[in-house]
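Down below is the structure, laid out as structure tokens.
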Amino acid sequence: MDQMIDLAEQYTPAKLMDQAKSAHVYIAELGDTIVGTAAICPYFDSAEESIILSFFVLPEYQKKAVGHQLMEQLEKDSFYTRAQRIEVPASRTAKEFYEHFGFKVKKPDNPEDEHGYIRMEKHQKLSNC
């Protein structure tokens, strides 16, 4: 719970607006309610690596396919499909979700970074077609 509160405080509207300048941002809505968000952008301006950020689903909508739909949308995004490597800073509670989509912990011996995120990554082979 402490980690979730910290994340909510970090992701202010101003931070999200700034992030949207270089990211493709997706919003999941149910009626007039935003129930989830996800963003993907180049990893430090790389043309071959991307990072997933601001992936969040309201707790009362988790386990109801909202996260899966957001991830499926990200998987179609040009930042995702062009990337040889995709990274995601996962919360402890999201680790299993990302594993379902083929992400693996970068440093299994020391998985959490200084901010409490579990750095995960996915390598993918790109076709030349």
Item to complete: Find the distance between CD1 (Ile40) and CD (Gln73) and round it off to the nearest 0.5 Å.
Response: 11.0 Å

Fill in: CG on Asp113 to CD1 on Ile118, rounded to 0.5 Å
9.5 Å

Fill in: CD (Glu96) with more than 12 external heavy atoms under 6.0 Å
no

Discussion item. Using 0.5 Å steps for rounding, measure from the NZ atom of Lys122 to the OG atom of Ser50.
Written reply: 12.0 Å

Worksheet item: Does the side chain to side chain contact (heavy atoms under 4.5 Å, CB included) test come out yes or no for Thr81 and Lys76, once each step is laid out?
Response: CA-CA 6 Å; Thr81 59; Lys76 296 174 191 173; 5.7 Å; no

Discussion item. Applying side chain to side chain contact (heavy atoms under 4.5 Å, CB included) to Phe44 and Glu49, what does each step give before you reach the verdict?
Written reply: CA-CA 8 Å; Phe44 292 108; Glu49 297 182 315; over 6 Å; no

Worksheet item: Would you say Lys64's side chain and Glu60's backbone share a donor-acceptor pair under 3.5 angstrom?
Response: yes

Worksheet item: Hey, quick one: are Leu30 and Tyr26 part of the same hydrophobic cluster, counting side-chain heavy atoms closer than 4.5 Å, chains of contacts allowed?
Response: yes

Fill in: Ion pair Arg119/Glu112, N-O distance below 4.0 Å
no

Worksheet item: Atom CZ in Phe56, atom OG in Ser91: separation rounded to 0.5 Å?
Response: 9.5 Å

Worksheet entry | N-O pairing of Glu99 and Lys95 below 4.0 Å | yes

Item to complete: Could you grab the distance from atom CD1 of Ile51 to atom CD of Glu121, nearest 0.5 Å is fine?
Response: 11.0 Å

Worksheet item: For the rings on Phe103 and Phe97, is their centre-to-centre separation under 6.0 Å?
Response: no

Discussion item. Do Val25 and Ser54 make a side-chain contact, defined as non-hydrogen atoms from C-beta onward lying under 4.5 Å apart?
Written reply: no

Worksheet item: When the aromatic ring centroids of His24 and Tyr80 are compared, is their separation below 6.0 Å?
Response: no

Fill in: Aromatic ring pairing His68/Phe101, orientation class (parallel under 30°, perpendicular over 60°, tilted between)
tilted

Worksheet item: Salt bridge check: are Arg85 and Glu87 linked by an N-O gap of less than 4.0 Å?
Response: yes

Practice prompt. Return the minimal non-hydrogen interatomic distance between Arg82 and Ser78, and the atom names on each side.
Written response: CG-O, 2.9 Å

Practice prompt. Would you name the heavy atoms of Ser22 and Pro42 that are closest together and state the gap between them?
Written response: O-CD, 3.7 Å

Worksheet entry | Min side-chain heavy-atom separation Leu74-Phe79 under 4.5 Å | no

Fill in: Lys104, NZ: over 12 other non-hydrogen atoms inside 6.0 angstrom
no

Practice prompt. First locate atom CG of Leu70, then atom OG1 of Thr37, and finally report the distance between them rounded to the nearest 0.5 Å.
Written response: 7.5 Å

Practice prompt. Mark yes or no for whether Thr33, through its side chain, and Val35, through its backbone, hold a donor-acceptor pair below 3.5 Å.
Written response: no

